[in-house]
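For reference, the structure discussed in these notes is given below.
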Number of protein chains: 2
Amino acid sequence: MGTTQLDTVPEPKYWHLRTVLSEALDSEFSVGEILPNERDLAARFGVARATLRQALEQLELEGRLQRRRGVGTTVAPPRMGVAVESEQHAWPGAFGDAWQPIDCTAAVPPTAVADILETVHDEQVLTVRRSRVTHGQPVAAELLYIPASSVPELSGIDAPSGVARARAVLRELQRLELEGQDRAVELGSARAEDAKELDRLPGAPVLVVTTRFLAQGHTAALSVATYRADTCRLTFGDTGGVEIHHDAERRAS
Amino acid sequence: MGTTQLDTVPEPKYWHLRTVLSEALDSEFSVGEILPNERDLAARFGVARATLRQALEQLELEGRLQRRRGVGTTVAPPRMGVAVESEQHAWPGAFGDAWQPIDCTAAVPPTAVADILETVHDEQVLTVRRSRVTHGQPVAAELLYIPASSVPELSGIDAPSGVARARAVLRELQRLELEGQDRAVELGSARAEDAKELDRLPGAPVLVVTTRFLAQGHTAALSVATYRADTCRLTFGDTGGVEIHHDAERRAS
DNA sequence: TAGTGGTCTAGACCACTAG
DNA sequence: TAGTGGTCTAGACCACTAT
């Protein structure tokens, strides 16, 4: 037998496979290299394709592999560090922020958002879509919810929607005094819309960063940003741009 | 056909199922309630069990469901907010920190860790295991790597290992002046050891929080904490204990 | 022991990409 | 059009939990 026999608690095949593949990736493959296709790999390891896929899914979740339909499975580059905290204590859209406004609409937000914004449940709020691109790759999609009460001067602005409108709204926000902000990170799965923007399939794992911006004793804006969990490492640095050794990190078992 | 026909881009069954189940959870189930078993559910929706499971996996990833072998699938409570930033600018083990020391050993760390600590690759470092429990439930497991050079006075301490040793090491750490810290969050999958401590299966999704503690111009300690991604929402609050409405948040599609 | 979720198989077909 | 990964099926057996 190829497998160890005296397993007191038999390890699932896919988990063992994950380990074997992981070690092979470290020693025998370099970034960007294409792996054999799933059918061949499954045959080579003597397992069903579904089992092999379970192992590949794990490795993709860990950011080690990248799979693209119609193309193949490649060795992923180390996750890129994406600074989140750098925007601390500044409104979205402040100078130097990493986001690109896409458009702006007025819409009734999900009830969850309405609750946080303390608006009535069927009241429209301004919704700015933004996207964040790093090294030419889309890494995050954001929805910024802004109650009309946060930008009272907005009526004088003509652009009814689109990027111009988005910029105008963000400009108006800067006039308020920012009293603080609040951040949470959790795991989620990409909604169809976000998945498209992030160039992933629906349900892809994402890190959801929810930020509340406080002004005048209320939540003046709420940002819900979804980052690709496979390619991103969110950094919250106190110490400036000190870089952690990514390459090494991934071997940390 | 039971399915809608004019699907221009046919939605995968499991994704549609996820949506249907998600809505059912919102409207027809309450926290802790047990769902019908997978075979029944699959039959009821007219799909194979594997497909049904794909939908359940999604919902579990999103923290909506909890599945336990031999027991069943239950509706999960809202994710709990776990404060990460509150420990800012304090050494691990400082008064009021949320972690319980488990033990302390000396061991050669993974090369990744050695690189960050700037130790020689086969040099032993102190390794403190700690765990974090909230509301009676284990939420995170941590490995704290401390080069011997960070705690020079340690030789005078007798406890060779175990909790006492761990406490002693942490106490020694407080003597250094903390110059800053550095944090990163990324998605990972639980190693067998962590999985056990977190009461999950190996490979379960976790949020890995890596913190570097800087003193004397070097990385004086490195913390790698793995949080259960299904039950935890990591919070980084500037504004004290303002609570976000969890319940609502989960409906935000 | 009965019932649950977890693993695994051996197929089939589909959607997408590139030559 | 050939080859890839993505979806789906209908089974089987195993590990675990409660009774």
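Per chain, numbering begins at 1; letters A, B, ... match sequence-line order.
- The separation between B:Q54 atom CD and C:dG6 atom P is 14 Å, rounded to whole Å.
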Identify each atom pair where a protein N or O and an N or O of nucleotides 3-5 of chain C are less than 3.5 Å apart, giving names and distance.
| residue | atom | partner | partner atom | Å |
| --- | --- | --- | --- | --- |
| C:dG3 | N2 | B:G70 | O | 3.3 |
| C:dT4 | OP1 | B:N37 | ND2 | 2.7 |
| C:dT4 | OP2 | B:N37 | ND2 | 3.2 |
| C:dT4 | O2 | B:G70 | N | 3.1 |
| C:dG5 | OP1 | B:T73 | N | 3.4 |
| C:dG5 | OP1 | B:T73 | OG1 | 3.1 |
| C:dG5 | OP2 | B:E38 | N | 2.9 |
| C:dG5 | N7 | B:R39 | NH1 | 3.1 |
| C:dG5 | O6 | B:R39 | NH2 | 3.1 |

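- Rounded to an integer number of Å, the gap from CH2 of A:W15 to P of C:dC8 is 12 Å.
- With sequence neighbours left out, A:E38 forms a salt bridge (Lys or Arg N to Asp or Glu O under 4.0 Å) with A:R49, A:R53, A:R67.
- A:V20 is linked by a side chain to side chain contact (heavy atoms under 4.5 Å, CB included) to A:H16, A:F45, counting only residues two or more places apart in sequence or in another chain.
- Within the structure, a side-chain polar atom (N or O) of B:K13 is placed less than 4.0 Å from OP1 or OP2 of D:dT9.
- For D:dT7, the OP1/OP2 oxygens have a side-chain nitrogen or oxygen of B:Y14 closer than 4.0 Å.
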Item checked: Pairing pattern in dot-bracket form [Watson-Crick, G-U; both distances under 3.5 Å; | = partner strand] for DNA chain C -> ||||||||||||||||||.
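- As rounded to whole Å, 13 Å separates atom P of C:dC16 from atom CG of A:D199.
- Between the C1' atom of D:dT7 and the CD atom of B:E57 lies a distance of 13 Å, rounded to the nearest Å.
- Every residue two or more places apart in sequence or in another chain that forms a side chain to side chain contact (heavy atoms under 4.5 Å, CB included) with A:S223 is listed here: A:E142, A:L144, A:T211, A:F213, A:A225.
- The closest side-chain donor-acceptor pair between B:S22 and B:R64 falls under 3.5 angstrom.
- Dashed line: the shortest gap from a side-chain N or O of A:T51 to OP1 or OP2 of C:dT9 is under 4.0 Å.
- Considering only heavy atoms from C-beta on, B:E197 comes within 4.5 Å of B:R129 through its side chain.
- Listed by chain and number, the residues in a salt bridge (Lys or Arg N to Asp or Glu O under 4.0 Å) with B:E33 amount to none (sequence neighbours excluded).
- Closest of all the heavy-atom pairs between A:A166 and A:V128 is CB-CG1, 4.0 Å.
- No donor-acceptor distance shorter than 3.5 angstrom exists from the side chain of A:R183 to the backbone of A:R212, with no hydrogens or angles considered.
- Of all the heavy atoms in A:P101 and A:R130, the pair that sits closest is CA-CG, 3.8 Å.
- D:dC8 atom P lies 12 Å from atom CG of A:L201, rounded to whole Å.
- In this structure, B:Q66 places its CD atom 14 Å from P of D:dT17, rounding to the nearest Å.
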